[in-house]
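See below for the structure under consideration.
Each chain gets a letter, A, B and so on, in the order the sequences are listed, and its residues count up from 1.
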Number of protein chains: 2
Amino acid sequence: MEQSSTGRRGGGRAARQAARTARAIESVPFLTRNLTPVEVMGEEGLALIEANADTLLEQVGVEVIDFPEALDIFRKGGCDVTETRVRFPKGLARSLIATAPATFTQHARNPARDVVIGDPNVVFAPAYGSPFVRDLEDGRRYATLADFENFARLAHMTPSLHHGGGTLCEPVDLPVNKRHFDMVMSHIRLHDKPFMGSVTAPERAQDTVDMVKILFGPDIEAGKTVLVSLCNANSPMSWDRNMLGSAKVYAENNQACLITPFILSGAMAPVTVAGTATQTLAEAMAGMAFCQMVRPAAPVVFGSFASSISMQSGAPTFGTPEPALVLFVMAALARRLGVPFRSGGNLTAAKTPDFQSAYESAATFMPTLLAGVNFVLHTAGWLEGGLVMGYEKFVLDADQASMAGPLLSGVDLSENGQALDALLDNPPGQHFLGNAHTLANFETAFWRSSMADNSSFEQWQEAGSNESVARAHDAWKRTLAEYESPPLDDAVDAELTEWVDRRKASFPDSDV
Amino acid sequence: MEQSSTGRRGGGRAARQAARTARAIESVPFLTRNLTPVEVMGEEGLALIEANADTLLEQVGVEVIDFPEALDIFRKGGCDVTETRVRFPKGLARSLIATAPATFTQHARNPARDVVIGDPNVVFAPAYGSPFVRDLEDGRRYATLADFENFARLAHMTPSLHHGGGTLCEPVDLPVNKRHFDMVMSHIRLHDKPFMGSVTAPERAQDTVDMVKILFGPDIEAGKTVLVSLCNANSPMSWDRNMLGSAKVYAENNQACLITPFILSGAMAPVTVAGTATQTLAEAMAGMAFCQMVRPAAPVVFGSFASSISMQSGAPTFGTPEPALVLFVMAALARRLGVPFRSGGNLTAAKTPDFQSAYESAATFMPTLLAGVNFVLHTAGWLEGGLVMGYEKFVLDADQASMAGPLLSGVDLSENGQALDALLDNPPGQHFLGNAHTLANFETAFWRSSMADNSSFEQWQEAGSNESVARAHDAWKRTLAEYESPPLDDAVDAELTEWVDRRKASFPDSDV
């Protein structure tokens with residue numbers, strides 16, 4: 001790293017180049033894919049899986065837990081409801097989902113940060129939901145609001161993250177039933193990217209909607225989408241009041257939901273790829289159809305979080321090949337349904353940002369990019385199967401995520417891309433460093449990692465023999481030191497503060 | 001790791017399962033891909049690149065350095081030779097390469113280890129050519145014959161490596177002009193997988209051929225292919241006496257060559273993906289055509305080693321997106337030519353097996369698998385841009401390589417794979433751990449890493465809070481302790497020893 005900023009070509013030039021590159025990345029609010037998504041099976045296989053999912057929805061259906069209101073909605077939507085079991089006549093789920101938009105815009109308070117979710121776009125969001133944090137200096141510990149705020153600031157400062165995410169970590173120093181106020185306030189104040197709402201109870205989803213009404217004004221009433229929130233099924237084949245109730249609140253307000261079966265194959269679904277895909281599709285279709293019953297054309301994102309378990313110990317595993325195949329299959333199934341798709345990320349079971357953590361992360365993230373995922377939660381920070389949000393891991397993952405742009409842009413076959421003149425002009429044996437074509441293209445030619453050390457062994461040794469994690473530690477500390485909060489209208493801030501204070505005071509703290 | 005061998009299901013059962021899995025992997029001499037290779041451009045783009053390569057071969061041609069005999073061969077083969085420059089009339093290279101086999105068998109001294117190189121197969125070989133080695137205990141140091149022998153033993157003991165490789169590391173304690181004798185002897189004695197010959201001078205290639213004649217007997221005269229050796233172009237657009245001369249020796253004896261332009265884009269080729277692909281294709285076609293001129297139908301493998309450089313410091317970089325795109329393109333171009341393809345590996349510029357090393361490795365290896373590479377050199381051990389062969393990196397890479405089998409086998413859509421009965425039988429909310437389908441499939445359901453730690457944080461902490469590199473250190477030491485050499489006929493061993501001793505004594509040591 002040291003070497004790259006004071007490299008052979010001289011520090012001034014390298015620094016100017018780095019600044020230009022950073023600005024270029026900064027200006028992209030989301031990625032647009034040129035590469036055709038990778039398919040691992042043909043249309044016949046995909047149709048078979050959807051037919052099986054339809055059979056599953058017809059014969060077994062989904063169990064709705066503790067949410068009678070949803071049963072009415074399902075019944076009115078055409079489902080066969082017996083007690084708490086909801087069954088879908090064949091084809092019903094697909095026909096309902098047909099009203100969902102193929103792409104939609106999620107607005108940020110800074111319009112330059114609006115993201116368009118759906119093909120051929122790719123949006124990266126940080127990891128979500130960890131009760132612990134870890135950094136090199138203080139090790140592993142329970143997360144606090146201070147950590148949450150740090151990650152919101154880091155998300156703001158990280159060009160490769162297009163989205164501020166949601167529960168960046170659980171602020172366990174706050175009462176469970178009031179955390180969402182502070183999390184949403186942090187998202188509103190500390191970064192200007194789009195973000196996610198609370199889903200731990202329908203009333204907390206409503207609080208989130210009420211807060212964005214203050215932030216965005218009357219446009220929300222008119223259906224402006226400013227939230228994308230994470231509603232997970234209780235696999236296998238169940239949906240509970242908190243998740244489905246939150247989905248109902250968001251859909252009513254034309255806010256988007258990531259409808260995501262969270263599946264560890266072998267535990268919450270069959271051990272096979274096709275079986276897991278079938279169940280994921282059935283559960284997601286039920287949830288997406290529900291949103292369309294609540295409000296036709298409400299934006300939804302088809303989500304899949306599938307991993308496997310160690311059949312020896314029962315422990316979840318990440319970065320393994322079977323979930324990668326599930327990911328490719330689910331992305332293709334989402335394309336067939338015509339809805340945006342969420343999956344993947346930089347997932348790992350490792351406890352620290354070591355070799356295992358990186359290899360497992362990449363073994364999920366590369367399929368994530370190639371499969372054509374549109375919304376990537378858990379892009380940065382995930383450790384220990386999601387129990388830990390890592391400061392250094394966040395920086396290292398975000399650096400790797402910045403590689404996605406050049407990869408997904410594919411091969412340039414323009415005349416300049418072909419470089420035939422350069423090839424014909426350049427005599428055998430003579431290097432291309434001074435070639436006019438090289439000089440004209442070198443600034444943008446190659447993706448450049450800000451975290452990789454490409455210096456010589458001697459340079460690296462002289463600079464302290466630092467491994468990735470030590471360099472990443474310096475990087476996040478430096479980023480936080482350089483952080484400036486994006487300006488927020490004082491009146492809006494005051495109104496939000498007053499509203500939150502009033503709401504917080506209106507009911508007692510609770511730890512459920 | 002500790003946890004996985006003494007997991008919740010009981011040590012005995014887990015151990016038996018691990019042994020079964022190991023044996024199952026052990027029995028596969030190479031992988032066969034079911035997944036369709038990933039394409040990043042259409043036929044039109046590929047045809048354009050080949051047309052440009054043909055123009056390059058026609059107008060610029062290749063320079064042949066210090067090897068007049070090759071000029072005669074090229075002239076007789078139909079090329080236009082002016083002084084040391086060889087130009088190919090349009091279409092000539094492709095028509096010559098048409099005689100090369102699409103697949104061929106490389107025989108090992110243990111016939112169960114024979115590999116079939118070409119579509120749809122995948123063969124993994126260790127890293128190649130490092131002057132240094134590194135391990136956790138003794139750090140970075142010059143490699144010796146003792147290290148070479150250790151890596152040959154590790155290759156023998158590693159089920160995911162199908163091939164023993166070649167210059168596993170440079171035994172710099174031996175004279176340059178006699179190292180090849182000891183390297184080839186180590187390959188013959190210490191493992192029973194196929195291996196590579198010397199290419200540092202034509203006479204050393206001949207020594208290698210003479211040695212395998214002793215090992216394999218008269219079958220070699222009849223054209224049995226037992227060597228695959230690495231012949232790199234001197235990019236841009238040059239071939240020298242050592243590499244082309246070695247290729248000639250091997251081709252004459254129907255032994256295979258990996259004809260590989262080794263290109264750092266921006267230095268030895270244009271900075272663009274298409275430009276690099278064009279030059280790589282031209283150089284490789286010239287080399288493969290040469291082999292076919294020497295002996296029509298001699299086995300050749302189209303090789304591509306392309307990476308980029310930091311345009312700030314000039315340092316080589318690995319695991320970046322542009323070389324991944326080159327890899328996908330070259331694999332497709334090789335398929336169009338109908339020859340086996342070599343590329344990829346677990347490449348990194350990192351100095352130690354840290355986060356960077358793993359992420360960069362995976363960011364090359366995943367494209368390697370998906371692009372449809374048939375022969376993967378540098379599968380295990382590569383560090384520091386190839387300057388270092390790492391003991392721990394070797395173990396960690398080989399573990400990840402074992403994931404390729406399940407990934408490349410694709411999605412099982414059989415009745416058992418669909419698991420529809422299991423899905424229809426399983427009530428909502430009830431886990432699948434005890435489901436009959438799960439019990440019938442759990443032993444083979446998921447790939448299992450032998451190096452990943454999936455235990456809980458508390459278990460991991462109790463076991464010493466070991467990161468990947470510490471676990472890998474234990475693993476390679478244990479593997480070497482458990483090593484048993486595969487039996488070699490005493491008479492053959494004696495004849496080889498005598499032959500090598502006589503050859504070594506017949507000319508003085510030299511350091512060139």
Side-chain angles (χ1 to χ4, degrees), chain A residues 7-8 14 38 41 45 52 56 59 63 237-238 267 270-275 308 310-313 315 317 320-322 325 349 351 353-356 358-359 362-363 366 396 400 403 406-407 411 413 417-420 422-424 428-429 431 437-438 441-442 445-447 452 454 460 467-468, chain B residues 4 7-8 14 38 41 45 52 56 59 63 237-238 267 270-275 308 310-313 315 317 320-322 325 349 351 353-356 358-359 362-363 366 396 400 403 406-407 411 413 417-420 422-424 428-429 431 438 441-442 445-447 452 454 460 467-468:
Chain A
R8 294 187 204 155
V38 170
M41 67 170 65
N52 285 349
L56 185 56
Q59 293 189 24
E63 187 71 13
M237 301 304 284
S238 310
V271 289
T272 59
V273 170
S308 51
S310 162
M311 294 310 284
Q312 282 70 45
S313 69
T317 59
T320 56
E322 297 84 6
L325 290 169
K351 317 300 175 284
D354 68 347
F355 188 98
Q356 178 188 345
Y359 216 111
M366 188 62 74
L396 292 165
Q400 290 294 336
M403 169 164 71
L407 182 70
V411 181
L413 284 173
Q418 291 177 55
L420 186 58
L423 285 163
L424 296 179
H431 69 66
H437 181 267
T438 306
N441 287 281
F442 88 94
F446 302 125
W447 172 72
N454 301 308
W460 175 77
E467 295 191 328
S468 296
Chain B
S4 42
R8 293 184 206 159
V38 169
M41 68 170 63
N52 285 349
L56 185 56
Q59 293 189 24
E63 187 72 12
M237 301 304 284
S238 310
V271 289
T272 59
V273 170
S308 51
S310 160
M311 295 311 282
Q312 282 70 46
S313 69
T317 59
T320 57
E322 297 84 6
L325 290 169
K351 316 301 174 284
D354 68 348
F355 188 98
Q356 177 188 344
Y359 216 109
M366 189 62 77
L396 293 164
Q400 290 294 336
M403 169 164 72
L407 182 70
V411 182
L413 284 173
Q418 292 177 54
L420 186 57
L423 287 163
L424 297 179
H431 70 65
T438 307
N441 287 280
F442 89 93
F446 302 127
W447 172 73
N454 300 308
W460 175 78
E467 295 189 327
S468 295

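Of the atoms belonging to A/Q418, heavy atoms from both backbone and side chain fall under 4.5 Å from chain B. Within the 4.5 angstrom heavy-atom criterion, atoms from both the backbone and the side chain of B/E467 approach chain A. B/E322 touches chain A through its side chain: at least one heavy atom from C-beta onward sits under 4.5 Å away, while N, CA, C and O do not. Both the backbone and the side chain of B/L56 have a heavy atom closer than 4.5 Å to some heavy atom of chain A. Of the atoms belonging to B/M41, it is side-chain heavy atoms, and not backbone ones, that fall under 4.5 Å from chain A.
To the nearest 0.5 Å, atoms CG (A/L423) and OG1 (B/T272) are separated by 7.5 Å. The line from OH of B/Y359 to OG of A/S468 is 12.0 Å long, rounded to the nearest 0.5 Å. Atoms CD and CZ, on A/Q400 and B/F355 in that order, are 6.5 Å from each other to the nearest 0.5 Å.
Using a 4.5 Å cut-off on side-chain heavy atoms (C-beta onward), B/V271 and A/F446 make contact.
Summarising the geometry of A/A274 relative to B/G417, their closest heavy-atom pair is CB-O, 3.4 Å, with the distance given to 0.1 Å. B/T320 approaches A/W447 most closely through the heavy-atom pair CG2-CE3, 3.6 Å.
Contacts with chain B were tallied for A/G275, A/A419, A/A363, A/A349; A/G275 has the most, counting heavy-atom pairs under 4.5 Å. Annotation: maximal heavy-atom pairing with chain A below 4.5 Å, among B/P353, B/G45, B/G429, occurs at B/G429. Interface summary for chain B: among A/T438, A/V38, A/N52, A/L413, the most heavy-atom pairs under 4.5 angstrom belong to A/N52. Listed options A/H431, A/Q59, A/Q356, A/M237 were ranked by heavy-atom pairs under 4.5 angstrom with chain B; first place goes to A/Q356. Taking B/N441, B/V273, B/V411 one by one and counting their heavy-atom pairs under 4.5 Å with chain A, the maximum is reached by B/V411. In terms of heavy-atom pairs under 4.5 Å with chain B, the best-connected choice from A/E63, A/M403, A/K351 is A/K351.
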